[in-house]
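Reviewing the structure listed below.
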Amino acid sequence: MEACCLKPSHESVAVQRPRRWAEPLDPLMTDADVDWLMQRMPFAGLDASAFPRSIPLDGVLKNDCRLHRFSPGQVIVREGDYANSAFLVLDGHAELVTRSLPPDVLGRREVKKQSWPSAIWQLLRPSGVEEARDPEDVTPDVVMQDRKSSVSNAADSNSTDRSQDESLPTLFLQDFAGIVRAGQTAKLAAGEMFGEVATMLRGPHGATVLAGDNATLLEIRLQGLKMLQRDVEFARRMDEHYRAHWLGIHLREIPLLRFVPESNMQKIIDQTELRSFGRLQWNADYSKTRKLSPSEQIESEPVVATEGHHVTDLIVVRSGFGRVCQNYGAAQRTTAYLGKGHVFGLEEITLSVTGNGGSKPLQHSLQAVGFLDTLHIPVECFAREILPHIRRSELPATAAAAMSGTAKKDEPRERRTSTRTKDATGTGLPIVNVSSDSSQTWNELPTSTGTSFEPTGLLEFIVQNRYNNGQHAMIIDLHRCTRCDQCVKACADVHDGNPRFARIGNQHERLQFIQACMHCTDPVCMIGCPTGALHRNESTGLVIVSENICIGCGVCAKGCPYSNIEMVEINDKQGRPYTDQKSGGPIMKATKCDLCSSVPSGPACAAACPHDAMVRIDLSESPPLDDWLRRRT
């Protein structure tokens, strides 16, 4: 009997292609709003022909922008909030606060350390109620007001009524008038933009901005901001503003440039190019790319610089992560990863410009892991303005030798023992001492910049899963772990019977990377929090939830690429659930690992492990994990 089978069909199946604006920033933005914006500066002066037909100027305004109206004293952005949008003042004015406001003024509560007696009492006499909260932890101790997610055309009283618009909560600064009278603010008039630098870098806002007299503002998300730069004049003004106010600051933060005289710095500012690679919202693609093999993932990443090509720029990482890789047979292998402040091409440039080592092409390729924002300093500028002021101890060994006229032949790139010392730049970049002994297992690869581990498989695993983003990653040594779950039980004891992690996670050989908040270098979960409840503590660097102003919207839980934030229903100390006065629904709060910041002993999970199998560790640099592994071999 012949087997039955379906014959392949040659008919096509029509589906809808995903569109650039499938999710507009403001679904309530109308054509009348767009027409009103098109008549105002700077949009009235933009060249509409510079925009492609598929993404016209009016389309950018309608889909990548949102109109807001604020009352005097309402907080527009908070210092420390991670940015995803810039703001343009249309009517009225805004006030930029020139001094840092205390956290409690913005509704953020400092984590208070428990005393030892209090911690012991909590351990002996638990409440018995999961997710129990005191009333003051549920309701805000600051004034909160609603603002419209869209406002009707401020100049047209006959425009569409938007009284049914969705409202978003914001904080209201009660002492707003007093701060203004004290001269602690700077006025931002109509036509001025703020937050664009933090948005382009996806970094924290450097200051708090409050609304002045009934200010109308236009929020422009990153995608729209980049499209608006297609207009030459708009792009020029943004570039001039950044170079005049921010580029010098960012260049001076680079340890390699700390001895460069001020007289040279302006020439460097004038010649430095700003570039970005990959997608800023890398967390949206993370679930797909992590399933690719290392070789497929490397092939899919945008190339910044290619091995074997002539070196033209010193590349400085401004934000994001870069993968340093090298040809290895028919494929490529990762040899290091770069983070903020790391440089690429230093050795090759130094050897080329000194002439002692001859012209040397790039020995590695650099690719963007998700997103990478870089500064490019031309070779000529580097040789003239920077290289004479770099200490020899800060250069790779071969480059330092070339500067002294004693260039040595390249060492073979085999596994070798290396003694890692923190270099004078303070960036933690390895200075490698090569020896013939290759007996150790966890050696670092000889690379002049970046962070690297040996064996290569561990490095590939860390980068592929973006664990290099973690400043407090939780790792278990499975050779020592007895699965007693004392770590989970200890976490539950500290957090009302509800642990902030489960002993699950990806494994690489003997290591298991537990699914718990890593307090990331790039905390994408913080982007979009409407009240600033999720924020980074300035003194500890931990990502903390101020539950009193958390509205339970779930933006952070959806934004975390590692699924390390959960939304939970909360109860009072008697076990009665809190409910909303208006809707009657349960009160939800975001919960995550807080690294037991209130407990005097530190992380309870690691402290409770009877076999020293668990560690909380910084994966943004190699020494912590490298040293921890060495002690176990």
Between [X] and [Y], which heavy-atom pair has the shortest distance, and what is it?
X      : Y      : value
Gly470 : Asp618 : O-OD1, 3.4 Å
Pro523 : Val543 : CB-CG2, 4.2 Å
Pro499 : Ala492 : CD-CB, 3.7 Å
Gly345 : Leu362 : CA-CD2, 4.3 Å
Pro577 : Asn571 : CA-OD1, 3.3 Å
Ala590 : Cys556 : CB-SG, 3.7 Å

Side-chain heavy atoms of [X] within contact of [Y], under 4.5 Å:
X      : Y      : result
Asn498 : Thr591 : no
Phe513 : Phe461 : yes
Leu619 : Ile475 : yes
Leu346 : Leu314 : yes
Leu458 : Leu511 : yes
Arg108 : Asn537 : no
Ile565 : Leu534 : yes
Ile617 : Trp628 : yes

Verdict with supporting geometry, Glu566 and Arg500, side-chain contact (heavy atoms from CB on, under 4.5 Å) | CA-CA 9 Å; Glu566 292 185 1; Arg500 297 295 186 250; over 6 Å; no
Between the main-chain N or O of [Y] and the side-chain N or O of [X], is there a donor-acceptor pair closer than 3.5 Å?
X      : Y      : result
Asp477 : Ala613 : no
Ser620 : Gln471 : no
Tyr578 : Arg133 : yes
Asp522 : Gly320 : no
Arg536 : Gly541 : yes
Arg483 : Leu478 : yes
Thr335 : Val324 : yes
Glu348 : Gln363 : yes
Tyr286 : Asn465 : yes

Using a cut-off of 6.0 Å, state whether more than 12 heavy atoms not belonging to Lys558 lie near its atom NZ.
-> no
Report the distance from atom [atom1] of [X] to atom [atom2] of [Y], rounding to the nearest 0.5 Å.
X      : Y      : atom1 : atom2 : value
Cys325 : Arg333 : SG    : CZ    : 11.0 Å
Thr199 : Arg221 : OG1   : CZ    : 12.5 Å
Arg616 : Cys593 : CZ    : SG    : 4.0 Å
Leu25  : Ser85  : CG    : OG    : 6.0 Å
Gln512 : Met474 : CD    : CE    : 10.5 Å
Tyr337 : Arg466 : OH    : CZ    : 12.5 Å

Contact list for residues 587-602, test salt bridge (Lys or Arg N to Asp or Glu O under 4.0 Å), sequence neighbours left out = none
Of Gln464, Gln332, Glu460, the residue whose pairing with Arg323 passes side chain to side chain donor-acceptor pair (under 3.5 Å) = Glu460
Please enumerate all residues that pass side-chain contact (heavy atoms from CB on, under 4.5 Å) together with [X], with sequence neighbours excluded.
X      : answer
Pro204 : Tyr82
Glu253 : Ile249, His250, Lys340
Pro610 : Cys484, Gln486

Which of Thr374, Leu257, Ile254 passes side-chain contact (heavy atoms from CB on, under 4.5 Å) with Val316? Answer is Ile254
Residues at least two apart in sequence or cross-chain that pass salt bridge (charged side-chain N to carboxylate O under 4.0 Å, His left out) with Glu79, listed by chain then number, are none
What donor-acceptor contacts under 3.5 angstrom involve side-chain atoms of residues 365-373, with partners at least two apart or in another chain?
residue, atom, partner, partner atom, Å
Ser365, OG, Glu307, N, 2.8
Gln367, NE2, Ile298, O, 2.7
Gln367, NE2, Glu301, OE1, 3.3
Asp373, OD1, Arg318, NH2, 3.3
Asp373, OD2, Arg318, NE, 2.3
Asp373, OD2, Arg318, NH2, 2.5

Could you tell me how the ring of His519 sits relative to the ring of His472: parallel (under 30°), tilted (30 to 60°) or perpendicular (over 60°)?
-> perpendicular
Just say parallel, tilted or perpendicular for the rings of His376 and Phe277, cut-offs at 30° and 60°.
-> tilted
Applying side-chain contact (heavy atoms from CB on, under 4.5 Å), run through Cys487 and Phe501 and close with a yes or a no.
-> CA-CA 9 Å; Cys487 54; Phe501 75 96; 4.1 Å; yes
